[in-house]
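Each remark here refers to the structure printed beneath this line.
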Amino acid sequence: EKDISNGFADSGAEVTAGDLNLTVDEGSADSKSFTVSVAAGDTLADVRDKINNSNASDQVSASIINDGTDSHLKIQRDEKGHANGSSASQALTLNHNATGGSGTALTFAEQQAGKNASFTLDGQTITRQSNRINDVVDGVTFNLESTGQTDVEIAVDNKKILDNVEKFTKAFNKVVD
């Protein structure tokens, strides 16, 4: 999910002091909440830096986007999808509890909802938050890189097994000799 703030004159514009609360929904039991304190006099650039240097930075990243008229704080969830069973628009929740008397309070609008990866394997639809899926077939990782259809063949590499057994046998014989 990507959310974008209301417009500011530039990245040096003052943001109203208070707490910016960020919640990353990873499923009902796994949601993570973070608070970034906005001090009096902090600018839009300061808030971006505080987010990127906080303990939330392993879950979200912040940047400033200038649309030609205004500067906006964009906060993006690093994991692209949303928790299975949760709303796509609840993957990231932002709330600025403004308590200061100067500057402009942050408000956010969803720019892009989180979207899960989905594919069909042997007629079964599989949905995950990530495009890297390693929990469907033991020992196999699927990296979903584009839309479309493809055939996947999973086979045992007997030559590689034989080569490794031969290497092991030679190494064992060296130790024994």
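Because the structure is predicted, anything quoted here is derived from the model rather than measured.
- Criterion: ILVMFWY side-chain heavy atoms under 4.5 Å apart, direct or through other members. Under it, I65 and L106 are not part of a common hydrophobic cluster.
- Taking both residues in full, the closest heavy atoms of T16 and A105 are given as OG1-N, 3.1 Å, listed atom of the first, atom of the second, then distance.
- Heavy atoms only, all atoms of each residue included: S11 and S71 are closest at N-OG, 3.7 Å.
- Shown are V15, I51, I4; of these, the side chain to side chain contact (heavy atoms under 4.5 Å, CB included) with L73 is made only by I51.
- Residue pairs meeting the side chain to side chain donor-acceptor pair (under 3.5 Å) criterion with at least one partner in residues 36-52, sequence neighbours excluded, are D19-S37, D42-K50, T43-D46.
- Interatomic distance, L121 CG to F142 CZ, rounded to the nearest 0.5 Å: 5.0 Å.
- No side-chain heavy atom of I64 sits less than 4.5 Å from a side-chain heavy atom of F8.
- Pairs passing the salt bridge (Lys or Arg N to Asp or Glu O under 4.0 Å) check and including a residue from residues 5-16, sequence neighbours excluded, do not occur.
- Counting all heavy atoms, side chain and backbone alike, A17 lies closest to A39 at CB-C, 3.8 Å.
- In this structure, the side chain of T23 does not engage the main chain of S33 through any donor-acceptor pair within 3.5 Å.
- Under the side chain to side chain contact (heavy atoms under 4.5 Å, CB included) rule, F172 has a single partner from V176, T169, V175, which is V176.
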Walk me through it: do K167 and D163 pass the test salt bridge (Lys or Arg N to Asp or Glu O under 4.0 Å)? CA-CA 6 Å; K167 286 179 188 176; D163 290 345; over 6 Å; no
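- Rounded to the nearest 0.5 angstrom, F34 CZ and L20 CG are separated by 12.0 Å.
- Here the shortest heavy-atom pairing between D67 and H72 reads OD2-NE2, 2.9 Å.
- The CD1 atom of I75 sits 5.0 Å away from the CG atom of L22 when rounded to the nearest 0.5 Å.
- Note that NZ of K170 and CG of N173 are 10.0 Å apart. Values are rounded to the nearest 0.5 Å.
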